[in-house]
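Okay, structure first, notes after.
Here is how names work: the chains are called A, B, and so on, in the same order as the sequence lines, proteins then strands, and each is numbered from 1.
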Amino acid sequence: MPELPEVEVVRAGLAPAVIGARVVAVTAHDARALTRHDGDSAAFEAALTGRTFEAAARRGKFLWLPLRDFATTPQALIAHLGMSGQFLLRPGGAPIERHERIRIDIAHPAHGEVAIVFSDQRTFGSLALDALVPTMDGAPGGWGTDAAVTPSQVAHIARDPLDAAFSDTRTIAAMRAKRSAVKRVLLDQAVVSGVGNIYADEALWAARIHPETAASALSPEVAARLLDEVRAVLNRALAEGGTSFDAQYVNVNGQAGYFAHSLNAYGRAGEPCHRCGTPIRRIVIGGRSSHFCPRCQRKR
DNA sequence: CCCATCCCCTGTATGC
DNA sequence: TGCATACAGGGGATGG
């Protein structure tokens, strides 16, 4: 479940099940789900078995579960869901899922035996064990953790707009330093994280900005308004459990979110704009489809 | 730095 | 009906 709201739904679902739980067994069915891991499947299984999860954290679209220290370098199990990754919580011994890639059997002091199933149709998602490194700004690494660390693979990812330590001022400056189309800049996880193709289109529609506008051409005020709309749409989607078009995008219990009903631009090519009735247009920017209202979102 | 292109995969919808 | 093609919410690598 790719974008921030969907990933946060997963993080929040995992947290109560995994915090304080000990890994009893790990089964990596498919090595493609370990492309981020430095080592083979056997090494991953061995390194994770016996460890205890201490938290469930997230920054942007990255998730990580910090592991209780073994008096070595602090580590976390890191996950990126890619396009179609899912974490499903199942009873211990539950049958294998259709696109199951990795299974982590845990024992929780209160909930007993649970299987964490990482399932992924398109295999762009992956898990890894990664070292935790200090954050640049000394603030907590992300949602769900007080520790000022992130996995090394997350160090280059900007804070997301729902992060308490997110800086509007710095993000606006970073956006305006780019001459690329604002749509591309919203998708650049090193500038602002957590925004994907759906919510970029929705925020631009709400802010009435044409997606091909150069980010550098936005005034500080307009950039600030765009950022406010990004935050607003992420919060609304989160409140509705995320956006689900099909069975790929579900929470840890396999349930879909409701935000698809609230979309104003994404996937609505040819349908009337909810503000002015003009048909929504679809163009390609940076190889990704972009949906906008040609009347409300003028290029200036 | 910026940009376009390609890659990793599987499944579904669409057009011929 | 079969077959080819386009497209899908991600990110990273590469070459110009």
Please state how far atom OH in A:Tyr249 lies from atom P in B:dG11, giving the value in whole angstrom units.
13 Å
Which of these nucleotides, C:dG9, B:dC2, B:dC9, is closest to any side-chain atom of A:Met83?
C:dG9
What integer distance in Å separates A:Ile285:CD1 from C:dA8:P?
13 Å
Nearest-angstrom distance, P atom, B:dT10 to C:dT1
25 Å
Reckon A:Tyr266 touches a base, only the sugar-phosphate, or nothing at all at heavy-atom distances under 4.0 Å?
sugar-phosphate
Tell me: NE2 of A:His80 to C1' of C:dG11, nearest whole Å?
7 Å
Spacing between A:Leu4 atom CG and C:dG9 atom P, to the nearest angstrom
17 Å
If stacking means aromatic ring centre less than 5.5 angstrom from the base's six-membered ring centre, planes under 30°, is A:Phe124 stacked on B:dC8?
yes
Interatomic distance at C1', C:dG9 relative to B:dC2, whole Å:
25 Å
Report yes or no: do A:Arg268 and A:His274 form a side-chain donor-acceptor pair below 3.5 Å?
yes
Check every strand shown and say whether A:Thr35 touches a base, only sugar-phosphate, or nothing at a heavy-atom separation below 4.0 Å.
nothing
When you compare B:dC9 with C:dG2, how far apart are their C1' atoms, in angstrom units rounded to a whole number?
24 Å
Can you tell me if A:Arg98 and A:Gln121 form a side-chain donor-acceptor pair at under 3.5 Å?
no
For residues A:Arg36 and A:Ser126, is any side-chain donor paired with an opposing acceptor at under 3.5 Å?
yes
Atom CD of A:Glu212 to atom P of B:dA4: distance rounded to whole Å?
10 Å
Is the cationic atom of A:Arg275 (NZ for Lys, CZ for Arg) positioned less than 6.0 Å from the six-membered ring centroid of A:Trp205 and within 45 degrees of its normal?
yes
Side-chain donor-acceptor contact under 3.5 Å, A:Tyr258 with A:Thr243:
no
Along DNA chain B (nearest heavy atom to each residue), the more 5'-positioned of A:Gly287 and A:Ala177
A:Ala177
Rounded to the nearest Å, what distance is computed from the CZ atom of residue A:Arg122 to the C1' atom of nucleotide B:dC7?
12 Å
Winner on side-chain proximity to A:Arg36, out of B:dA4, B:dT10, C:dG12, is C:dG12
Judged by each residue's nearest nucleotide on DNA chain C, which is more toward the 5′ side, A:His156 or A:Gln121?
A:Gln121
Could you tell me how far apart A:Glu3 (CD) and C:dG9 (C1') are, to the nearest whole angstrom?
6 Å
